[in-house]
Amino acid sequence: MVFVINIVSSSTLTFTLFLSHSLSLQAICFLKKKKKKITMNEGAIGGDLLLNYTDMSVLERQRAHLKYLNPSFDSPLAGFFADSSMINGGEMDGYLATAGLNLPMIYGETTVEGDPRMSIPLETTLGTGNFRKRKFDTVTKDCNEKKKKMNREEVTEGEEEEKSKITELNNGSPKSIKKMKNKAKKEENNCSNDSSKVTKELEKTDYIHVRARRGQATDSHSIAERVRREKISERMKFLQDLVPGCDKFTGKAGMLDEIINYVQSLQRQIEFLSMKLAVVNPRPDFDMDDIFAKEVVSTPMTVVPSPEMVHSGYSHEMVNSGYSNEMVNSGYVHFNPMQQVDTSSDPLSCFNNNGQAPSMWDSDVQNLYGSLGV
Amino acid sequence: MERQIINKKKRVFSLEPNKNPSAVFTRKYTSHLVPALKKLNMNKNSSKQTVKHEVDMALALSAQEFAWSRFLLQKLSSSSNPTTTTSSSSDGIRILERPDKEGGNEEGGIEERLRELKKLLPGGEEMNVEEMLSEIGNYIKCLELQTIALKSIVQDST
């Protein structure tokens with residue numbers, strides 16, 4: 001019997017939902033329940049973890065474990081207490097094989113594509129100084145749960161594990177592969193060490209088991225620091241995607257500057273628009289639903305990629321090739337598209353010192369719509 | 001009229017209107033803002049600050065899942081003339097005019113920039129860095145959606 005776990009694709013998760021969950025996850029600390037050691041005789045095991053190790057850090061992997069353990073993200077509590085007997089009950093043969101696991105979407109963006117798999121090499125069962133650390137982090141606890149399960153498979157170290165096969169990498173750069181191997185080793189070592197300690201720990205603890213990588217300090221502080229730094233760089237990466245024009249900066253400083261500028265200009269824009277709004281009466285029948293209704297007309301007359309997609313009432317074809325499916329298109333607006341473009345750029349240009357800014361922001365907003373399609 | 005009818009016939013609506021978070025946010029935002037503006041107009045005493053207040057209020061109300069919106073609401077309710085987003089203009093100019101982004105003093109520079117960023121975000125100064133970075137992400141997104149909504153309101157009305 002193949003124990004297949006269908007992991008609900010996280011593409012349906014909205015970023016808000018995830019955010020609230022992630023915040024609540026951090027607040028949950030009591031979910032650690034050490035599993036009893038169960039000796040398993042699995043045959044071909046899938047210690048295959050559906051994790052894309054390309055961009056992953058310790059943190060991401062842990063979160064992915066969390067996702068794995070908890071297919072329905074809506075009830076994180078239920079997932080955490082997955083009974084060991086239940087999980088290990090059947091055969092572990094190829095468990096976890098096929099579901100395409102999407103890494104947790106931090107902000108609604110998947111970081112994983114495809115169906116990557118990785119089997120953790122279990123051949124190194126060295127018990128070199130497992131490092132324990134008290135940490136208020138449920139995600140990593142679940143990582144430990146996972147590792148314990150893997151430990152049990154380790155008992156019957158089959159053929160499947162000795163190869164540290166890392167398949168289907170998104171970008172198989174040598175550096176990332178090496179990183180993955182290190183992490184694989186790290187995780188595997190954690191597994192092996194956990195197995196001996198599982199029996200002793202039945203009570204809930206807040207420990208995470210972290211192994212230092214090769215050539216790195218094993219100090220508790222530095223490991224905490226490392227995790228923290230990974231979190232921060234992960235967030236910075238996301239911000240880089242969010243803020244247009246950030247990709248040309250490789251350093252944190254430049255990116256931060258760019259982000260700051262962007263936020264400030266957005267705020268100024270809003271301020272300006274609200275000043276304009278003070279002068280203007282909003283139409284009583286202004287309806288946002290109309291704005292979000294996509295208008296598809298057969299005969300294209302003018303094609304104007306206006307950033308906010310407020311098109312005229314004339315027949316035209318909407319340029320939405322790269323855009324999300326919900327575009328702004330009001331049936332009530334009767335602007336000539338060209339005129340509308342002029343009016344939109346004029347006030348902004350007089351507001352901004354830099355006359356180039358409006359067009360830049362317009363294209364930025366277009367990018368925004370492109371990214372909204374997630 | 002005819003064109004409008006033609007357009008309406010061919011309008012395509014999304015089947016899942018509540019799934020797309022940006023649509024949800026924008027809808028909420030406009031549903032807060034437009035009536036508030038109408039009320040303001042009726043009172044005939046709409047100064048720019050009041051409109052700004054309403055704009056910010058609508059933003060805060062539409063994004064209640066996020067921490068920064070709580071801070072924003074607090075600020076708005078505590079002061080009648082909030083200057084939440086206007087205070088940073090001067091700081092912004094300073095940053096824009098900085099000659100070069102030096103990689104040399106990156107360490108110290110980063111700290112300073114993070115502090116700047118914290119100042120921009122409502123409530124950012126009470127958060128730690130990781131939280132702040134996540135919150136900035138969705139704050140940016142909401143600001144972008146807000147600009148879109150405001151633009152469409154303004155254009156719709158002129």
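Labels below follow one simple rule: chain letters A, B, ... track the order of the sequence lines, proteins then strands, and each chain is numbered from 1.
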In Å, rounded to the nearest 0.5 Å, how long is the span from CG of B:L143 to OH of A:Y262? 8.5 Å
For A:I260 and B:R113 the tightest heavy-atom approach is CD1-O, 3.3 Å
What distance separates B:N138 CG from A:F238 CZ, expressed to the nearest 0.5 Å? 8.0 Å
Winner by heavy-atom pair count (cut-off under 4.5 Å) against chain A, out of B:L117, B:I136, B:L114: B:L117
What's the separation between atom CG in A:D257 and atom CD in B:E112, rounded to the nearest 0.5 Å? 9.0 Å
List the steps and the verdict of side-chain contact (heavy atoms from CB on, under 4.5 Å) for A:R228 and B:V129. CA-CA 10 Å; A:R228 183 175 163 268; B:V129 179; 4.3 Å; yes
CD-CG distance between B:E116 and A:N261, expressed to the nearest 0.5 angstrom: 10.0 Å
Tell me the closest heavy-atom pair linking A:R235 and B:E130, and the distance in Å. NH1-O, 2.8 Å
Would you compute the distance between atom CD of A:Q267 and atom OG1 of B:T147 and round it to the nearest 0.5 angstrom? 11.5 Å
Let me see the working for B:I140 and A:I259 under side-chain contact (heavy atoms from CB on, under 4.5 Å), right down to the final yes or no. CA-CA 9 Å; B:I140 287 178; A:I259 294 173; 4.1 Å; yes
Using 0.5 Å steps for rounding, measure from the CG atom of A:L266 to the SG atom of B:C142. 11.0 Å
Of the non-hydrogen atoms in A:I232 and B:L133, which two are nearest, and what is the gap between them? CG2-CD1, 3.7 Å
